[in-house]
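Each remark here refers to the structure printed beneath this line.
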Amino acid sequence: MDHITKFVEEKIAPPLIKFSQYRYIQVIQRTGLGIMSLLIIGSIFTLLSAFPVPAYQNFIGGFKTTLASAAGVGTAFIALYTVITTSYALVEWYNKNKGEKTDIIQPMILAVASYLLINPVQTVNTLVKGSKTPVPFAGLPVTYMGAIGVFSGHMVGVLSVEMYRFFISRHWTIKLPENVPPMVSSSFSALIPAS
């Protein structure tokens, strides 16, 4: 047994520890921890809405749809939560480990807007209650807002922050006079990176 422990400590653990220190691996870890509470809550509501006991299902009756909706809030938009937490975690990593003082809000908004941009609004014809003819309805498709879009959510979060930092580090921003409040100035400095 000591031989196996020694092998793990000397051969397997060091490369894994080194791997865990990479910037983007730490960001992914932080993202997972950031959305974990919503996943747990969503899972609890999924269990409550789909508990496979007929007596329980009869007891909750129509309330089942409300419980299922609550489960969907935690899990159906996990890709969007991933974009938010990934962008936050990456800016936080740069501020903490590289001594930067990047505003966290602007890159997060840019990341969310970029993710929504790659999921454009679609118009479909749908029947409205009481009508016999379909009417157009425009909305954001939720196909890639759930688990299927988590990888692209990570990518958009990382790329948005890196592009934002690229512009900011080269001072390709709109400069305002020094007497302008910092919050207003940071909003204007994000205009060029957001374009």
Side-chain angles (χ1 to χ4, degrees), residues 9-43 73-121 140-195:
E9 288 176 352
E10 292 177 0
K11 301 291 182 188
I12 295 177
L16 289 178
I17 291 170
K18 185 177 180 183
F19 179 74
S20 71
Q21 299 304 313
Y22 288 128
R23 168 184 2 173
Y24 298 119
I25 299 304
Q26 289 182 353
V27 167
I28 289 171
Q29 290 171 346
R30 180 79 164 99
T31 299
L33 293 172
I35 60 176
M36 187 179 297
S37 60
L38 282 175
L39 288 176
I40 292 171
I41 291 168
S43 299
V73 170
T75 56
F77 296 99
I78 191 169
L80 190 61
Y81 304 143
T82 298
V83 173
I84 294 166
T85 53
T86 299
S87 57
Y88 178 90
L90 187 54
V91 173
E92 179 185 59
W93 189 91
Y94 279 119
N95 288 347
K96 186 195 249 179
N97 296 304
K98 298 289 185 184
E100 295 181 6
K101 293 181 176 143
T102 305
D103 178 36
I104 290 180
I105 298 294
Q106 296 302 325
M108 282 176 55
I109 290 172
L110 178 61
V112 170
S114 298
Y115 193 72
L116 294 176
L117 187 63
I118 65 171
N119 292 289
V121 171
L140 188 67
V142 293
T143 307
Y144 294 100
M145 295 294 163
I148 202 169
V150 168
F151 180 75
S152 58
H154 276 297
M155 296 308 295
V156 168
V158 167
L159 290 174
S160 297
V161 171
E162 294 296 357
M163 287 173 55
Y164 181 85
R165 286 185 61 253
F166 177 82
F167 282 94
I168 296 296
S169 67
R170 284 160 180 74
H171 304 288
W172 295 348
T173 60
I174 295 175
K175 306 262 193 283
L176 294 177
E178 290 188 21
N179 60 351
V180 174
M183 291 178 70
V184 175
S185 182
S186 71
S187 296
F188 275 90
S189 68
L191 284 175
I192 293 176
S195 301

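Only a predicted model underlies this, so the values are computations on that prediction, with no experimental measurement involved.
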Quick one: are [X] and [Y] in side-chain contact, heavy atoms under 4.5 Å?
X	Y	answer
Arg170	Phe166	yes
Gln29	Ser20	yes
Met108	Val91	no
Arg23	Asn97	no

What's the separation between atom [atom1] in [X] and atom [atom2] in [Y], rounded to the nearest 0.5 Å?
X	Y	atom1	atom2	answer
Leu80	Thr85	CG	OG1	9.5 Å
Leu117	Ser160	CG	OG	10.0 Å
Ile78	Leu38	CD1	CG	8.5 Å
Ile28	Ile25	CD1	CD1	4.5 Å
Ile40	Ile35	CD1	CD1	11.0 Å

Shortest non-hydrogen separation from [X] to [Y] and the atoms involved:
X	Y	value
Ala89	Arg30	CB-CG, 3.5 Å
Thr143	Ile148	O-CG2, 2.9 Å
Ser152	Gly149	OG-O, 3.0 Å
Ala79	Tyr115	CB-OH, 3.5 Å

Evaluation steps, side-chain contact (heavy atoms from CB on, under 4.5 Å), between Val161 and Thr102: CA-CA 10 Å; Val161 171; Thr102 305; over 6 Å; no
Do any pairs count as a ring-ring contact (aromatic ring centres under 6.0 Å, His included) and have a residue in residues 81-104, sequence neighbours left out, and if so which ones? none
Heavy-atom count around Phe151 CZ within 6.0 Å, excluding the residue itself: above 12? no
If you apply the rule side-chain contact (heavy atoms from CB on, under 4.5 Å), what do you find for Val27 with Glu92, and how did you get there? CA-CA 9 Å; Val27 167; Glu92 179 185 59; over 6 Å; no
So, Thr31 and Thr86: side-chain donor and acceptor under 3.5 Å apart, yes or no?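 Thr86 and Thr31 do have a side-chain donor-acceptor pair below 3.5 Å.
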Test your reading of the model: is there a side-chain donor-acceptor pair from Ser87 to the backbone of Ile84, 3.5 Å cut-off?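 Looks like yes, one N/O pair under 3.5 Å.
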For the side-chain contact (heavy atoms from CB on, under 4.5 Å) test, which of Val112, Leu116, Ile118, Leu110 pairs with Ser114?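 When side-chain contact (heavy atoms from CB on, under 4.5 Å) is applied between Ser114 and each of Val112, Leu116, Ile118, Leu110, only Leu110 qualifies.
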By ring-ring contact (aromatic ring centres under 6.0 Å, His included), which residues pair with Phe167, not counting sequence neighbours?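 Only Trp172 meet the ring-ring contact (aromatic ring centres under 6.0 Å, His included) criterion with Phe167.
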Under the side-chain contact (heavy atoms from CB on, under 4.5 Å) rule, what do Leu90 and Arg165 come out as? Steps first, then yes or no, please. CA-CA 11 Å; Leu90 187 54; Arg165 286 185 61 253; 6.0 Å; no
